[in-house]
Amino acid sequence: IDLFLIFDDCSLEEGGATALGPALLFSIMMASQRLASKVIICTDGLANVGLGSLDELYTEEQQDDAQQFYDQLSQLAKDKGVSVSVVTIEGTECRMAELGQVADKTGGQVGWRLVTVFLFIFAQVNIVDPLKLTQEFGNMLSNPIIATNVTATLILHSGLYFRSEESGESRLTHEIGNVTAETEITFEFGVKTAKKHTPEAEKEEGDAAAAKEHKLSDLKELPFQLQIKYTSMDGAKSLRVISKALPVTNDREVAEKELNIGVMGAHAAQTSARLAIAGDYGKSRASSIVNQRMIQRWSQNTGNRDGYVNWFSNIAPMEVELRDAQQRERLTFGQCYSDEETEALPLAAAAVAAPRSRSKKKMKARRTECSDQRANLMFNMRAARSKTFMGPAEEQKRETEEDKEE
């Protein structure tokens, strides 16, 4: 694997302007010459000149243009099979909410740490401290991209639906893009019902009644099929199909005892982070509370308190940050950006749908005002992995199951 560094540590000088947008565009096009390359941006300042400038955006049109630029860069990198990661300097504001979107959509990483300032571009890398660049080259190459242009389609039984989608369909496709051996994507589904309700409320109440309505309770198993399309490192386009039938139970306690804390923990973190990144702080916090109750019940039923404490300690920093952000909005404006968000009633708040215009305005306002610290927390949770939430016992169990499958 070739590595290309574009900086001279003996001649770097600060010039005042940060043409981050043009640099990122140039870097993506350069890296795209080699399949599955990665771009890492290290910056200590706001993009303030040229394409993608995030400084002095006074009108809504200017903000839309800047966001559209980075959205288009994300799609370009995704299409070219390039992963983008971002590192910024602690104590500076670089609008990580915008730059982090590029990393999130291309399978990159977001870092917010105290480092010396460099801009460097090379293939197959990871976030590093430039002061330890030589010794960390091995770590950079330890998690390479293994496939690009990846899409995952999950097909459910007709009586089931995906909670994250309003359509109520039993088929959902995720456009993932670049993946490594550590990439994890989760799906959440429920039982279709005639009544309208929120996924959070349904999860809290259970699916037993809905299952009876669709006669699913009479079934012993439910079928699932996962279709994965991808481009391999030799450029070949491939399709992998995994079909499986899983047992059914109407007893919530029985189902929750079988909960995989690693998968559930990662899914809960990713879901809350996704909602927070979109600006839906109320729904994000509501999702965290519902999943917290489920994991707490699992902890009590299995006697595994360490698993619950581990999950809570990982999700708590983002929850506290979102709560504080809502409180600051109330102090400043007398209410949150969305009237439906209330601290005391998170589930009820999540059940109220704001008009699209208000929701769009909220998203823009929060995306513009999001601090780098908050954005870093959200994007790190968006990239949460199951091993983060597994204790030694769960990790051993997972390895045993993988060995059996092989």
Ignoring hydrogens, what is the shortest heavy-atom contact between [X] and [Y]? Give both atom names and the distance.
X	Y	result
Leu275	Ser287	CD1-CB, 4.2 Å
Arg382	Ala273	N-CB, 3.4 Å
Ser288	Trp311	O-CH2, 3.7 Å
Tyr161	Gly168	CB-O, 3.6 Å
Leu73	Ile28	O-CD1, 4.0 Å
Thr148	Asn178	CG2-OD1, 3.4 Å

For [X], enumerate each residue passing the side-chain contact (heavy atoms from CB on, under 4.5 Å) test, keeping only those at least two apart in sequence or located in another chain.
X	value
Ser243	Gln225, Val241
Leu57	Leu54, Gln62, Gln63, Ala66, Arg95
Asn149	Thr231
Pro22	Ala19, Leu51

Applying side chain to side chain donor-acceptor pair (under 3.5 Å), can you list everything that pairs with [X], at least two apart in sequence or on another chain?
X	answer
Ser32	none
Glu184	Ser386
Thr153	Thr173
Thr271	His267

For [X] and [Y], which I'm curious about, is there any donor-acceptor pair between the side chains at under 3.5 Å?
X	Y	answer
Asp372	Asn376	no
Tyr308	Gln292	yes
Thr302	Asn304	no
Arg305	Gln300	no
Gln75	Asp79	yes

Flag the pair [X] / [Y] as yes when at least one side-chain heavy-atom distance between them is below 4.5 Å, and no otherwise.
X	Y	value
Val179	Val150	yes
Thr388	Asn314	yes
Ser164	Leu172	yes

* To do: Look up atom NZ in Lys192 and atom CG in Leu160, then write down how far apart they are to the nearest 0.5 Å.
  => 8.0 Å

* salt bridge (Lys or Arg N to Asp or Glu O under 4.0 Å) partners of Glu321, counting only residues at least two apart ->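 Partners of Glu321 by the salt bridge (Lys or Arg N to Asp or Glu O under 4.0 Å) criterion, ordered by chain and then number, come out as Arg328, Arg374.
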
* Got a sec, which residues hit salt bridge (Lys or Arg N to Asp or Glu O under 4.0 Å) with Arg385, two or more places apart in sequence or on another chain? ->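 By the salt bridge (Lys or Arg N to Asp or Glu O under 4.0 Å) rule, Arg385 matches no residue at all.
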
* Asked: Pairs in or reaching into residues 220-248: which pass ring-ring contact (aromatic ring centres under 6.0 Å, His included), with residues at least two apart or in two chains?
  ->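 Applying ring-ring contact (aromatic ring centres under 6.0 Å, His included) to every pair that reaches into residues 220-248, excluding sequence neighbours, yields Phe189-Phe224.
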
Can you tell me if [X] uses its side chain to pair, donor with acceptor, with the backbone of [Y] under 3.5 Å?
X	Y	answer
Asn260	Val263	yes
Ser284	Ser272	yes
Ser299	Ile295	no
Ser53	Gly50	no
Lys78	Glu175	yes
His157	Gly159	yes
Gln33	Met29	yes

* To do: Walk me through it: do Cys370 and Met378 pass the test side chain to side chain contact (heavy atoms under 4.5 Å, CB included)?
  => CA-CA 10 Å; Cys370 183; Met378 294 189 298; 3.6 Å; yes

* To do: Apply the test side chain to side chain contact (heavy atoms under 4.5 Å, CB included) to residues Leu35 and Ile145: give CA-CA distance (whole Å), side-chain angles for both, the deciding distance (0.1 Å), then the verdict.
  => CA-CA 9 Å; Leu35 187 64; Ile145 294 173; over 6 Å; no

* Yes or no on side chain to side chain contact (heavy atoms under 4.5 Å, CB included) for Tyr281 and Arg366, after CA distance, side-chain angles and deciding distance? -> CA-CA 9 Å; Tyr281 292 176; Arg366 284 178 168 162; 3.5 Å; yes

* Exceeds 12 heavy-atom contacts within 6.0 angstrom, atom NZ of Lys105 -> yes

* Asked: Can you pull the salt bridge (charged side-chain N to carboxylate O under 4.0 Å, His left out) pairs that have at least one residue in residues 152-162, sequence neighbours excluded?
  ->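 Applying salt bridge (charged side-chain N to carboxylate O under 4.0 Å, His left out) to every pair that reaches into residues 152-162, excluding sequence neighbours, yields nothing.
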
* Identify whether the distance between the nearest side-chain nitrogen and carboxylate oxygen of Arg297 and Glu253 falls below 4.0 Å. =>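 Result for this pair is no, no salt bridge flagged.
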
* When you look at Lys237 and Lys229, which way does the side chain to side chain contact (heavy atoms under 4.5 Å, CB included) test go after all the steps? -> CA-CA 7 Å; Lys237 297 184 182 298; Lys229 296 181 181 179; over 6 Å; no

